Structures are given as C-alpha cells and as structure tokens.
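Right, one structure below, let's go through it.
Just follow the structure's listing: the first ligand is 1, and inside any ligand the first atom is 1. Every heavy atom of this structure was used, including side-chain atoms; hydrogens, water molecules and symmetry mates were not. Since the model is a prediction, treat every value here as computed from it, not as a measurement.
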Amino acid sequence: MNENAYGPSESVKATMRESLSLVNRYPDSADALVGEIASLHAVKPEQVVVGCGSIEILRMAAATFLGRSKKLIMASPTFDPIAEYARRAGAAVATVRLTTQYAHDLDAMLAHVDASVGLVYICNPNNPTGSLTPRRDLETFIRRLPSATRVLVDEAYHHYAGTSSAYASFIDRPVDDGRVIVTRTLSNVYGLAGLRLGYAIAAPGPARQLSSIRPPMDVNVLALRCGATALRDSDHVSLSVQRNANDRQEFYNQANARMLRVIDSHANFVMLNTGGPAEEAIDHLKKHNILVAPPIPSMKRYIRVSLGKPQEMLEFWRVWDLMPHRKMQM
Ligand SMILES: Cc1ncc(COP(=O)(O)O)c(C=O)c1O
C-alpha cells in the first residue's frame with residue numbers, strides 16, 4: 001500500500017515513546033502541528049487543514065465542494081476513493097482515461113467542464129501509474145476552469161517526484177489562485193501510515209470551509225506530536241528519498257534482466273507489465289505471501305508493486321521467477 005518499508009526516523013520514535021504517557025488524555029488542539037506545517041511551507045496557519053490521513057481531506061473536499069447537481073472530474077486510473085465520496089454526496093463523477101504517456105488528459109477533462117463541476121481531482125505523481133502530468137499543462141488547465149470550480153492536487157508522492165522540469169509542487173511553487181487545494185500525507189516518505197496524518201494547504205476561504213466539517217479531535221495525540229517531529233526531520237526525508245531511488249533503480253534492473261517493461265515511476269511503487277493477465281500474477285504472488293495492489297481494470301497486464309526493503313524485493317523476484325513462463329509483450 002505504498003508505505004515506507006523502512007519506517008519513521010529515530011527522532012519520531014523518541015517522540016512517540018515520550019508521548020505514550022499522554023494517551024489517556026484527549027488530544028490538544030492541532031494548533032502546534034498546524035504552526036509546524038505553516039512554517040515548513042511558509043504559509044499562514046489559516047491556510048492549513050489537518051486530517052486523519054489525507055484521505056480524510058479528500059472526503060471533506062467531496063462533502064464541501066460537491067453535492068446533488070454537482071460533478072467531480074477525475075482521471076482513470078487514479079487514486080479513486082474520492083469517486084465514492086463524491087457519489088455519496090450525490091454528485092456525478094466523470095472519469096477521463098490517462099493519455100498514452102500516463103498523464104492526465106487535461107483537454108479531455110476540460111471537455112467535461114460545465115457550470116456543475118464543483119471539483120477536479122488531480123493526482124500528481126499519479127497513483128497507480130507513478131507518472132507525472134506536466135506542470136505547464138496543469139497551469140493552463142487550471143486557468144481555464146470556471147471560477148467556482150476547485151481543483152484538488154493530491155501530492156501524496158511529491159517527495160519521490162525527482163527534479164524533472166515537468167514537475168513542481170503547487171505548495172512549493174504556488175499559483176496565485178484560490179481555487180487550488182493541495183494535499184500531502186505523512187504516510188509514505190515520513191513512514192507514518194499507521195498513525196494517520198495528512199494535511200491540505202489552501203487559500204484561507206476554502207481552508208476554513210474544509211475545516212468546518214472536520215470531526216473534532218480526529219488527529220490523535222501521537223499523530224499530533226510525532227507528525228510535528230517528522231516534519232522537522234529533513235534528514236530523514238532525504239534518506240527516505242535516496243533509499244527509494246536506489247530501490248526503484250534496482251527494481252528496474254531486475255525487470256530489465258527479465259525483459260519486463262515498467263512505467264517510469266516518480267513514486268515509491270512501480271507499474272510492471274506482467275506480460276499476461278495481471279490477475280494470474282497477483283494470485284501467484286499472493287500464494288507466496290507477496291501482496292501487490294488489486295487488479296486495475298483498465299490496465300489488464302499491469303500490477304502495481306510497492307517497493308519494499310532490498311531483502312523483501314529479493315523475495316519478490318524469487319517468487320516471480322517461480323511463475324510459469326509467459327510470453328512478454330514488447
Ligand atoms: C494518491 C494518494 N492520496 C492519498 C492517499 C491516502 O493517504 P493517507 O494515508 O494520508 O490517507 C494515498 C494512499 O495510498 C494515495 O495514494
């Protein structure tokens with residue numbers, strides 16, 4: 001599930017141990033953590049919304065900006081829980097296939113835009129493909145959206161995106177546009193998936209709207225404290241990114257050695273063309289206790305593999321090699 005196999009930093013573990021004595025108490029307000037996030041990104045605290053994982057913020061965005069007679073536009077395949085949140089809010093959902101380069105097809109998405117579009121969801125880098133949508137294209141796209149339409153840019157895999165000129169975070173290099181909401185998570189690079197912490201950066205207006213439906217005390221006492229420590233520990237972020245780059249390169253090497261194709265990944269997982277029905281590969285791996293993502297209906301030959309530690313990946317390839325030979329598609 002795209003977690004960081006190496007876990008959190010030592011400083012986070014120390015904070016966790018120190019905070020254990022607080023778990024009989026309800027959490028403090030999130031103000032200290034919000035202040036930490038605001039200073040990390042040089043924004044005002046009123047631009048920060050915290051959530052119990054960034055998935056909670058996706059849910060809040062669907063509940064706030066969608067409803068009956070509204071529409072969500074999103075890609076396919078992408079990280080799709082927001083589609084279910086939109087439907088629950090009574091909204092219509094328009095899905096648009098990624099381009100052949102696995103970028104969001106922004107022209108086709110624009111073709112779905114009308115006055116009913118409350119929200120556009122852009123996942124960049126995209127899950128499950130690990131691919132980028134060029135920054136310049138996104139800027140043009142956003143400029144063309146109606147004034148009442150919000151666009152949520154999910155940057156869950158931001159740290160792994162690398163230094164490609166095609167990519168820039170909408171937090172680090174914001175556009176002067178109050179319609180853009182950016183989400184981040186502490187689940188992957190920070191190694192804290194089990195603590196459940198994510199956040200959004202938005203203009204004060206939409207941030208206030210989102211926060212107004214935040215359940216009280218959703219962020220637990222350990223997440224509040226450990227999250228703040230994690231965000232301060234930039235060395236651990238660099239280490240996680242470097243390890244991921246090494247592990248990803250080794251994955252490519254192993255795939256190449258077997259003449260398997262992959263989609264170039266800007267994330268901590270890789271889409272691997274299995275050369276046959278994805279379900280068969282998934283079942284085979286599962287029989288040997290290796291779990292990969294569920295099948296992706298529109299990519300019938302691909303499986304999404306989250307990168308594990310080197311030892312775990314050796315086991316992945318050992319089990320892979322036990323699979324009956326399949327003819328690879330070149
Ligand atoms: C693109 C994307 N956004 C959000 C999430 C949810 O992250 P969190 O653990 O912060 O809820 C995930 C988790 O897999 C993801 O892939």
_Do R135 and V175 have side chains that approach each other closer than 4.5 Å (heavy atoms only, starting at C-beta)?_
yes

_Nearest neighbour of atom 1 (C) of ligand 1 from the list A193, G198, C123, on a heavy-atom basis_ = C123

_With respect to R196, determine whether any N or O atom, backbone or side chain, lies less than 3.5 Å from an N or O atom of ligand 1._
yes

*Does the distance from a Lys or Arg side-chain N to an Asp or Glu carboxylate O, for R225 and D28, drop under 4.0 Å?*
yes

*Of all pairs that satisfy salt bridge (charged side-chain N to carboxylate O under 4.0 Å, His left out), the ones with a partner from residues 184-206, not counting sequence neighbours*: E155-R184, D172-R184

*For N2 and ligand 1, does the shortest N/O to N/O distance drop below 3.5 Å?*
no

*Looking only at protein heavy atoms, identify the closest one to atom 3 (N) of ligand 1 and say how far it is in Å.*
D154 OD2, 2.6 Å

*Counting each atom of ligand 1 from 1 as listed, which ones have a heavy atom of A156 under 4.0 Å away?*
1 (C), 2 (C), 3 (N)

*Apply the side chain to side chain contact (heavy atoms under 4.5 Å, CB included) test between I171 and each candidate in I201, V180, I37; give the one that qualifies.*
I201

*Has the side chain of N126 got a donor or acceptor atom that lies under 3.5 Å from a matching backbone atom of P77?*
yes

*From the options I181, L152, L119, select the one residue that forms a side chain to side chain contact (heavy atoms under 4.5 Å, CB included) with L58.*
L152

*Protein residue, atom and distance nearest to atom 12 (C) of ligand 1, heavy-atom basis*: F79 CZ, 3.3 Å

*Per-atom contacts, ligand 1 versus S187 - under 4.0 Å to a heavy atom*: 8 (P), 9 (O), 10 (O)

*Hey, does L106 have a side-chain heavy atom less than 4.5 Å from the side chain of I122?*
yes

*Short N or O distance, E56 and ligand 1, threshold 3.5 Å exclusive*: no

_Which of the ligand 1 atoms, numbered from 1, are nearer than 4.0 Å to a heavy atom of G53_ = 8 (P), 10 (O), 11 (O)

*If you have a sec, work out which protein heavy atom is nearest atom 6 (C) of ligand 1 and how many Å separate them, to one decimal?*
S54 OG, 3.5 Å

*Tell me, which pairs form a side chain to side chain donor-acceptor pair (under 3.5 Å) where one or both residues lie in residues 89-104, sequence neighbours left out?*
H104-T133

*Is I55 close to ligand 1, meaning an N/O of one under 3.5 Å from an N/O of the other?*
yes

*Numbering as shown, the atoms of ligand 1 that approach T185 to under 4.0 Å (heavy-atom distance)*: 7 (O), 8 (P), 9 (O), 10 (O)

*Side-chain H-bond candidate by donor/acceptor type, Q311 with E315, under 3.5 Å*: no

*Which residue owns the protein heavy atom closest to atom 16 (O) of ligand 1, what's the atom, and how far is it?*
Y157 OH, 2.6 Å

